[in-house]
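Please read all numbers here as calculations on a predicted model, not as lab measurements. Chain naming here is simple, since letters A, B, ... match the order of the sequence lines and numbering starts at 1 in each. Atoms considered below: every heavy atom in the structure, side chains included; atoms not considered: hydrogens, waters and symmetry mates.
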Amino acid sequence: MLDLKQIRKNPDAIQERLSLRGGGYSIDEIVNLEQQQRELETQRTKLQARSNEIGKLIGQKMKSGSDPKSEEIVALKEEGNQVKAQLGELEPREKEFKARIEALLLALPNLPSESTPVGKNETENVEVRRWGDEYLPENPDILPHWEIGEKLGILLFDRAVKVAQSRFVGLMGAGAALERALIAFMLDRQIQAGYIEVMPPVLVNSASLQGTGQLPKFAEESFKCDSDDLWLAPTAEVPVTNLYRDDILSDKELPIRHCAYTPCFRREAGSYGKDTRGLIRLHQFNKVELVKIVRPETSEAEHQSLVGDAEAILQALKLPYRVLELCTGDLGFGANKCYDLEVWLPSSDSYREISSCSNFGDFQARRANIRFKETGKKGTQFAHTLNGSGLAIGRTMAAILENYQQSDGTVKIPEVLQSYLGREIL
RNA sequence: GGAGAGGUGGCCGAGUGGUUGAAGGCGCAGCACUGGAAAUGCUGUUUAGGGGUAACUUUAACGAGGGUUCGAAUCCCUCCCUCUCCGCCA
């Protein structure tokens, strides 16, 4: 959520930054409504002040033994009634304005940071670096992961359709074990890097989704439990960040760094023709997520190190990847800056997203009301939140099944996973 | 699902319809004491919005939303949540 005060103070500067995203976002209506709301507020507080005064006066008189039926008190009560009648008219109008402003604010995305490259769409993202060319596979006959996976009997696409529907997968035998090994490996690495592991609920309420920015705008992207106010979390970002919703943290508790393994659920509405085969785009997938809650002045450095922590996994697995910095036109709703890690996927002859590392600034903290207090200082400040995948498990599995495929149709297990899996070859 | 209890400030915990943003404690900050610390004492310490350069001022908030009243943490209604016991259950 953007800061209403900032919008009031620098409407033009805010509009300009917002427009860099494209999409036609405008703050005009908010500015206009807020002005009207404040006029009403001024009137209302004046009336309320008088009303409080009357209440106190009557209280004093009664205590000092005045007759409740005395002319003086009756007159005060009468005035109180009049004030109340006026308030009864003003209050609902002001509330209506406030509600409309709130709704508009919740639908506005974050401002891109100054350092985010300006661009219209994903074609203008900037490649920052590339890693692992020496590990690009030499085998010219690589089967796509879904084919090798079915051949090896470890990926169950058809059967998963029977159990659920399309865009689900089942894992069997070494496939299930590999998934589990990847989860354990990634968690172990991030714990070593200083993250505290969390296992949060994966059903989350609406307030949580609003806190991290998925609601109200992206309701159709998540699965909803019809008879409860609960949704299947699309990413661990939601439950983990919301662990701290409405908290006032002490500055000594920051930075908070969490890693979390959870299944993730996405409806993938509107992606009908895309990635219909394989592990790339599923309704349910596993992910290890990194989440940070930090002091504002450290968030840029924490962002860089977050990206590094995600990259370390790819490097340990010796999977070739590149780092993209998203341009203003491709930035996610809540992010002010974002790096995508893309892993080399031979079947699509391209790099595919396997992690997205975003800095949200205070955008989520405002929505989720996550603040911290500086020892000895008055007031509170909004924290900064960040998160990134470290990494998406299914896509990592796909990358391994392809990049590690040998000409005899077997798949090597990356060295760092061999001890987890107790084997060297699939 | 049935029965009961309860939701108050960063935390614990009092609270009579009337000048209560709310006793007391903890925590935190400052000062005193000390060679330094602990202990002790004193003082201060909620958050958010509006107005003001500022000092300051004003409003709101005791789970949420309504209601009664000149006035509600306190009375009434609706909803939400938590806890305990019973039932069911991985």
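Protein atom CD of A/E39 is 20 Å distant from nucleotide atom P of B/U59, rounded to whole Å. Summarising the geometry, the separation between CZ on A/F97 and C1' on B/G50 is reported as 16 Å, rounded to the nearest angstrom. A straight line from CE of A/M1 to C1' of B/G49 spans 13 Å, rounded to a whole angstrom. Straight-line distance from the CG atom of A/D246 to the P atom of B/C80: 20 Å, rounded to whole Å. In this structure, the CG atom of A/L249 is 19 Å from the P atom of B/U46, given to the nearest Å. What separates CD of A/E79 from C1' of B/U69 is a distance of 16 Å, to the nearest Å. Here the C1' atom of nucleotide B/U59 and the CG atom of A/L40 are 14 Å apart, to the nearest Å. Regarding A/E91, its CD atom lies at a distance of 9 Å from the P atom of B/A60, rounded to whole Å.
Rounded to a whole angstrom, the distance from the P atom of B/G67 to that of B/U74 is 14 Å. The C1' atoms of B/G15 and B/A72 are separated by 13 Å, rounded to the nearest whole Å. For the P atoms, the distance linking B/C75 with B/A37 amounts to 50 Å, nearest Å. On the C1' atoms, B/U82 is 23 Å away from B/G66, given to the nearest whole Å. Separation of the C1' atoms belonging to B/G18 and B/C77 is 24 Å when rounded to the nearest angstrom. B/A22 sits 8 Å from B/C62 when the C1' atoms are compared, rounded to a whole Å. Annotation: B/G71 and B/G87 have their P atoms spaced 50 Å apart (nearest Å). Only the C1' atoms considered, B/G65 is 30 Å distant from B/U57, to the nearest whole Å.
Contact check on A/R371 versus A/D247 returns no salt bridge, with no Lys/Arg side-chain nitrogen under 4.0 Å from an Asp/Glu carboxylate oxygen. Between A/K56 and A/E53 there is no salt bridge, since no side-chain nitrogen of the basic residue lies less than 4.0 Å from a carboxylate oxygen of the acidic one. In this structure, A/E221 does not pair ionically with A/R266, as no charged nitrogen and carboxylate oxygen lie closer than 4.0 Å. Salt bridge status for A/E302 with A/R257: present, with a side-chain N to carboxylate O gap under 4.0 Å.
Across B/U58, B/G50, B/A60, the shortest atom-to-atom separation from the side chain of A/N52 is found for B/A60. Side-chain atoms of A/I248 lie closest to B/G10 of the nucleotides B/U58, B/G10, B/A60. Among B/U19, B/U59, B/G49, the nucleotide with an atom closest to any side-chain atom of A/E41 is B/G49. In the set B/U58, B/G66, B/U47, the nucleotide with an atom closest to the side chain of A/T380 is B/U47.
Distances shown here put every side-chain N or O of A/R371 at or beyond 4.0 Å from the OP1 or OP2 atom of B/U46. Neither OP1 nor OP2 of B/U46 sits under 4.0 Å from any side-chain N or O of A/K373.
Every residue two or more places apart in sequence or in another chain that forms a side chain to side chain contact (heavy atoms under 4.5 Å, CB included) with A/T262 is listed here: A/P200, A/V202, A/A236, A/C264. In this structure A/S389 satisfies the side chain to side chain contact (heavy atoms under 4.5 Å, CB included) test together with A/K287, A/E289, A/S355, sequence neighbours excluded. Take A/R277 and apply the side-chain hydrogen bond (donor to acceptor under 3.5 Å, both in side chains) test, not counting sequence neighbours, and it matches no residue.
The partner of B/A61 is B/U46, judged by Watson-Crick or G-U wobble contacts that both fall below 3.5 Å. When Watson-Crick and G-U wobble pairs are counted only if both distances are under 3.5 Å, B/U40 pairs with B/A32. Taking a pair to require two hydrogen-bonding distances under 3.5 Å in either a Watson-Crick or a G-U wobble arrangement, B/U19 remains unpaired. With a cut-off of 3.5 Å on both Watson-Crick or G-U wobble distances, the partner of B/A14 is given as none. Base pairing analysis places B/G7 opposite B/C80; the two distances defining the Watson-Crick or G-U wobble pair are each below 3.5 Å. Across every strand in view, B/C85 sits in a pair with B/G2 that passes the Watson-Crick or G-U test at under 3.5 angstrom.
Judged as a ring pair (Phe, Tyr, Trp, His ring centres under 6.0 Å), the pairs with a partner in residues 248-270 of chain A (not counting sequence neighbours) are, in order, A/Y244-A/H258. Among residue pairs with one or both ends in residues 286-305 of chain A, those qualifying as ring pair (Phe, Tyr, Trp, His ring centres under 6.0 Å) are A/H303-A/Y339; sequence neighbours excluded.
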Polar atoms only, N or O, under 3.5 Å: list the protein pairs with nucleotides 70-76 of chain B and their distances.
unit_1, atom_1, unit_2, atom_2, d
B/C70, OP2, A/N81, OD1, 3.4

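Across all strands shown, A/R8 has heavy atoms under 4.0 Å from sugar-phosphate atoms exclusively, and none from any base.
Nearest-nucleotide positions on RNA chain B for A/R38 and A/Q48 put A/R38 closer to the 5' end. Between A/K95 and A/Q381, the residue whose closest nucleotide on RNA chain B is further toward the 5' end is A/Q381.
Around CD of A/Q418, the count of heavy atoms belonging to other residues, nucleotides or ligands within 6.0 Å exceeds 12.
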